[in-house]
Number of protein chains: 2
Amino acid sequence: MPHMASKGEKTRADIVECARRLFYEHGYDGTSFTRIVEASGLFRGNIYHYFKTKDEILLAVVERYLDDYRALLARWEAEHDTPRARLRAFVDMITGHKMELVEYGCPIGSLNTELGKDRRVLQHTARVLFDLFRDWLTARFVELGHKRQAEALALHLLGRAQGVAVIAHVYQDRKLLVREAQQLKAWIDGL
Amino acid sequence: MPHMASKGEKTRADIVECARRLFYEHGYDGTSFTRIVEASGLFRGNIYHYFKTKDEILLAVVERYLDDYRALLARWEAEHDTPRARLRAFVDMITGHKMELVEYGCPIGSLNTELGKDRRVLQHTARVLFDLFRDWLTARFVELGHKRQAEALALHLLGRAQGVAVIAHVYQDRKLLVREAQQLKAWIDGL
DNA sequence: AATATATTAGGACAGTTGTCCTTTTATTTG
DNA sequence: CAAATAAAAGGACAACTGTCCTAATATATT
């Protein structure tokens with residue numbers, strides 16, 4: 001009945017972390033139950049004690065992402081005091097994750113693209129990650145004084161970032177990533 | 001030994017067309033051999049007479065796309081006589097395919113994103129579709145007088161289109177598609 | 001120490017995957 | 001027409017998928 005940070009919770013967190021990495025590197029469909037089990041160092045049916053279905057694991061992975069990204073956004077707000085600087089921090093995330101982006105694409109974008117194909121219910125689950133950034137960016141554009149078009153600007157920036165990630169991933173091009181990030185920051189400064 | 005437009009070639013073309021549609025709507029992994037067979041109205045092992053592996057089907061699908069897109073590009077060149085008008089035709093393709101884009105995303109982009117995860121060899125096959133558009137756009141920017149940055153501009157436009165497709169697909173947002181397309185055309189006109 | 005709960009260990013399930021074989025039937029070529 | 005080839009029909013394969021059960025062991029609570 002009690003809920004302390006027991007060993008089981010650590011195992012659960014391990015599973016989620018392994019699943020997140022595997023989903024990112026190989027996709028949701030490309031990652032089998034078995035592979036998650038092996039990566040977590042468990043036994044076959046043991047994982048069932050923690051998650052009944054693969055979808056449940058995805059849900060936990062999304063929540064894990066949410067926690068991390070929420071902390072990241074809070075840090076950006078703490079570290080920068082102008083809306084422009086905060087928006088630039090968002091763009092800097094792109095160049096800060098050069099390697100992974102070129103190697104595996106954007107974790108949020110590729111997950112949504114994969115799930116959007118056939119399983120719209122699951123994609124709705126993954127979409128909250130986009131919502132998080134969209135809403136945060138919208139708030140920053142409001143701070144900048146673009147109240148009426150704030151959300152459109154947020155989606156524009158989100159889309160630009162997605163596009164950059166796709167092309168950089170397809171062509172394994174780190175320089176493009178840097179170049180486009182600079183353009184995005186110039187765009188922010190000119191607003 | 002002979003190679004006329006026999007019934008077999010028609011069947012082969014049917015398989016490729018079915019596979020293309022299924023790959024687009026459900027993804028490469030999401031489409032099984034069986035499903036392609038059923039959609040083509042064939043029997044289980046019969047397809048083996050046309051394609052040995054699933055990868056071979058993908059190759060044929062990519063070639064089919066290539067043919068179609070090459071014809072499209074030729075048409076744009078025939079119908080418009082300024083580089084700007086031709087570039088605008090590219091952007092108009094986005095709004096012209098509103099429904100499919102919102103429903104399934106960009107066929108080229110989503111295919112590359114999926115294959116880029118784990119099967120880089122196959123992704124290299126699919127990448128030629130990006131190459132086709134990149135090279136064509138590059139040529140248009142050269143015509144416009146931006147010789148030195150022509151390829152960077154082409155990749156920029158390609159990325160913008162991809163980003164728009166991703167966001168519009170994730171949020172099922174047709175209006176965003178139209179709005180962003182307009183912005184892209186304004187960007188082209190201002191170059 | 002006794003009881004209850006959490007976790008581990010191992011195995012089993014039916015369904016589906018991509019691949020591949022053979023035999024029969026159509027079609028084309030000489 | 002006869003011979004050769006193309007295509008259709010049907011079935012089989014091992015490997016893997018996600019899911020689920022039960023029994024044993026460890027840990028925590030009373």
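Note that the coordinates shown come from a computational prediction; the quantities given were computed from them, not determined experimentally. Any value given below was found using the heavy atoms of this structure, including those in side chains, with hydrogens, waters and symmetry copies removed. Here is the naming used below: chain letters follow the sequence lines, and residue numbers restart at 1 for every chain.
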Review item, nucleotides 10-13 of chain C N/O atoms under 3.5 Å of protein N/O:
{"residue": "C/dG10", "atom": "O6", "partner": "A/Gly45", "partner atom": "N", "Å": "3.4"}
{"residue": "C/dG11", "atom": "O6", "partner": "A/Gly45", "partner atom": "N", "Å": "3.3"}

Under 3.5 Å donor-acceptor, [X] side chain and [Y] backbone:
| X | Y | value |
| --- | --- | --- |
| B/Arg20 | B/Val61 | no |
| A/Arg160 | A/Glu180 | no |
| B/Arg127 | A/Val170 | yes |
| A/Thr31 | A/Leu22 | yes |
| B/Arg179 | A/His156 | no |

A/Gly159 versus B/Ile167, closest heavy-atom pair with distance: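 So the two residues come closest at CA-CG1, 3.4 Å.
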
Heavy-atom pair with the smallest gap, counting every atom of B/Glu114 and B/Gly27: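 Nearest pair, atom of B/Glu114 first, then B/Gly27: OE1-CA, 3.5 Å.
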
Calculate the interatomic distance between [X] atom [atom1] and [N] atom [atom2]; express it in whole Å.
| X | N | atom1 | atom2 | answer |
| --- | --- | --- | --- | --- |
| B/Ile15 | D/dA8 | CD1 | C1' | 12 Å |
| B/Lys54 | C/dT16 | NZ | P | 15 Å |
| B/Asp55 | C/dC20 | CG | P | 11 Å |
| B/Leu42 | C/dC20 | CG | P | 18 Å |
| B/Leu58 | C/dT19 | CG | C1' | 17 Å |
| B/Ile47 | C/dC21 | CD1 | P | 16 Å |
| A/Glu56 | D/dG18 | CD | C1' | 13 Å |
| A/Glu38 | D/dT17 | CD | C1' | 13 Å |

Side-chain N,O (A/Tyr48) to OP1/OP2 (D/dC20) below 4.0 Å: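 So the side-chain polar atoms of A/Tyr48 do come within 4.0 Å of the phosphate oxygens OP1 or OP2 of D/dC20, strictly under.
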
Phosphate contact (D/dA8 OP1 or OP2) by B/Tyr50 side-chain N/O below 4.0 Å: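 For D/dA8, OP1/OP2 do have a side-chain N/O of B/Tyr50 under 4.0 Å.
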
Residues in contact with DNA chain D, drawn from residues 25-36 of chain A - heavy-atom cutoff 4.0 Å: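 The stretch gives A/Thr31, A/Ser32, A/Phe33, A/Thr34 as the residues lying under 4.0 Å from the strand, ordered by number.
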
A/Thr53 side chain, from C-beta outward: closest of C/dT19, C/dA6, D/dT19: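 Given the options C/dT19, C/dA6, D/dT19, the side chain of A/Thr53 is closest to D/dT19.
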
Residue A/Thr11, side-chain atoms from C-beta onward, closest of D/dG18, C/dG18, C/dT8: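 Nearest to the side chain of A/Thr11 among the choices is C/dT8.
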
Distance in Å, B/Asp118 CG paired with A/Glu25 CD, rounded so as to fall on 0.5 Å steps: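 Nearest 0.5 Å value for the CG-CD distance: 9.0 Å.
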
Gap separating the CH2 atom of A/Trp76 from the CE atom of A/Met93, nearest 0.5 angstrom: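 Between A/Trp76 CH2 and A/Met93 CE, I get 4.0 Å after rounding to 0.5 Å.
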
